[in-house]
Amino acid sequence: MAKDKSLKSQPKLPKRKKLDPDDSKVPAEEIMHTKIKKRKKMEVEQAPVEVPVAINTAEDKKQKKDKKHKKKQETEQAEIPDPPSRLDGPHVMEGEEDLSPEERRVLERKMKKILKKEEKKRLKAEGVTLKKTEASGPSASQQALDYLTCWAENHSAWKFQKTRQTWLLQHVFDSEKIPDEKFSVLLQYLEGLQGGAKDTTVQKALSLVEESGQEPENIDVQKRAHRAREVIQLLS
């Protein structure tokens with residue numbers, strides 16, 4: 001029993017840490033170096049990321065202003081249309097020497113749009129003019145011939161119109177304006193012609209007869225002269 005008490009009274013030795021089989025082969029300095037690297041890596045990962053603050057200096061502002069001004073000039077230049085022939089050919093337009101292929105294509109597309117818009121406006125204007133002409137009713141020649149027909153066939157409904165008579169007297173010798181079948185009716189109408197209108201018509205007829213003597217081979221002149229002789233015979 002005394003022996004057991006003496007054993008219990010001896011102080012306990014600290015337990016030795018079990019060594020990793022690989023630790024026994026790695027030098028202590030390398031282990032310490034590895035621990036320091038891990039600690040630094042953890043500190044870097046935990047440290048907040050600093051976002052650089054952009055500072056606009058006077059030089060940066062000047063560059064931005066110059067760039068904006070240059071872009072505005074290019075846009076204004078692109079809006080000025082040039083003749084269509086400059087777009088169709090391979091020629092480089094004035095001011096395009098410094099443009100890149102992409103910028104040149106953009107400029108050409110803008111100009112084509114402008115030309116297309118102008119073409120639409122022109123066609124629209126022509127269409128409006130055509131519609132107005134159609135809406136205006138019969139032409140002056142048709143109205144004059146209808147006036148003459150009404151005088152011959154429906155005299156009770158006929159009413160004198162100086163404008164229609166003036167047109168007939170101006171084209172009385174023109175076989176294209178007044179066909180032959182209408183000319184015979186016009187001769188009957190001219191029987192009652194008096195005053196200045198009669199004198200002017202006779203004078204014009206005499207001039208055509210004189211002209212026919214100078215151009216005997218001109219068929220159109222001879223046709224007018226033939227009508228002029230009939231008018232002179234009627235009104236003299």
Side-chain angles (χ1 to χ4, degrees), residues 54-150 159-183 186 197 200-201 204 207-208 211 215 217-224 227:
I55 301 175
N56 293 328
T57 62
E59 186 67 23
D60 294 337
K61 292 181 179 180
K62 185 178 179 181
Q63 291 179 358
K64 289 182 178 180
K65 187 176 180 180
D66 294 341
K67 187 176 180 181
K68 186 176 181 181
H69 182 67
K70 185 178 179 181
K71 187 175 181 181
K72 183 179 179 181
Q73 287 181 338
E74 291 177 355
T75 304
E76 291 176 352
Q77 185 178 2
E79 292 177 353
I80 300 175
D82 286 343
S85 58
R86 304 296 292 275
L87 289 174
D88 299 335
H91 304 287
V92 178
M93 292 183 292
E94 184 179 355
E96 287 191 2
E97 294 82 356
D98 300 331
L99 297 179
S100 64
E102 180 62 27
E103 291 174 335
R104 193 172 298 166
R105 284 193 294 270
V106 172
L107 179 59
E108 289 178 355
R109 284 197 295 268
K110 288 183 178 180
M111 293 175 68
K112 286 181 179 178
K113 287 181 180 179
I114 293 172
L115 294 174
K116 189 175 181 181
K117 190 175 181 180
E118 291 179 353
E119 182 68 13
K120 284 184 178 179
K121 286 183 178 179
R122 185 182 65 79
L123 293 175
K124 186 177 180 181
E126 290 180 356
V128 171
T129 304
L130 182 61
K131 287 181 179 179
K132 286 183 178 179
T133 303
E134 293 176 353
S136 61
S139 61
S141 60
Q142 186 61 46
Q143 291 179 355
L145 294 176
D146 292 343
Y147 167 81
L148 184 61
T149 302
C150 182
K159 184 178 181 181
F160 174 75
Q161 297 183 35
K162 186 174 180 60
T163 305
R164 306 291 174 247
Q165 176 174 293
T166 302
W167 188 93
L168 291 170
L169 294 177
Q170 287 177 347
H171 302 90
V172 62
F173 308 109
D174 190 344
S175 58
E176 292 183 358
K177 299 288 185 180
I178 302 177
D180 291 339
E181 61 271 14
K182 295 292 183 181
F183 179 70
L186 180 57
T200 302
T201 304
K204 188 175 181 180
S207 299
L208 289 174
E211 182 182 355
E215 299 183 35
E217 297 180 357
N218 192 321
I219 299 176
D220 293 335
V221 172
Q222 296 302 320
K223 285 182 178 180
R224 289 196 293 269
R227 287 194 174 188

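Atom set for the values below is all heavy atoms of this structure, side chains included, hydrogens, waters and symmetry mates excluded. Since we're looking at a predicted model, the values are computed, not measured. Heads up: numbering here begins at 1 and tracks the sequence.
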So CG of Leu145 and CH2 of Trp167: to nearest 0.5 Å the spacing works out to 5.0 Å
Output for pair (Leu115 CG, Glu108 CD), nearest 0.5 Å, gives 11.5 Å
Quiz item: Thinking salt bridges, do Glu102 and Arg105 make one under a 4.0 Å N-O criterion?
Solution: yes
Side-chain heavy-atom pair Phe160, Tyr147 within 4.5 angstrom cut-off: yes
Minimal heavy-atom distance between Ala197 and Gln165, with the atoms involved, is CB-NE2, 4.5 Å
Taking the side chain as everything from C-beta on, heavy atoms only, tell me whether Leu107 gets closer than 4.5 Å to Arg104. no
- Query: Can Gln142 and Asp146 be counted as having a side-chain donor-acceptor contact under 3.5 angstrom?
  - Reply: yes
The reported gap from CD in Gln222 to CG in Leu208 (rounded to nearest 0.5 angstrom) is 10.5 Å
To the nearest 0.5 Å, atom CD of Gln143 lies from atom CD of Gln161 at 8.0 Å
Smallest heavy-atom separation, Leu169 atom then Lys204 atom, equals O-NZ, 4.4 Å
Sequence neighbours excluded, the answer for side chain to side chain contact (heavy atoms under 4.5 Å, CB included) partners of Lys121 is Lys117
Side-chain atoms of residues 174-181: list all donor-acceptor pairs with protein atoms under 3.5 Å, sequence neighbours left out, distances to 0.1 Å.
unit_1	atom_1	unit_2	atom_2	d
Asp174	OD1	Glu176	N	3.0
Asp180	OD1	Arg227	NH2	2.9

One should read off an interatomic distance between Gln170 CD and Thr201 OG1, to the nearest 0.5 angstrom, of 10.0 Å
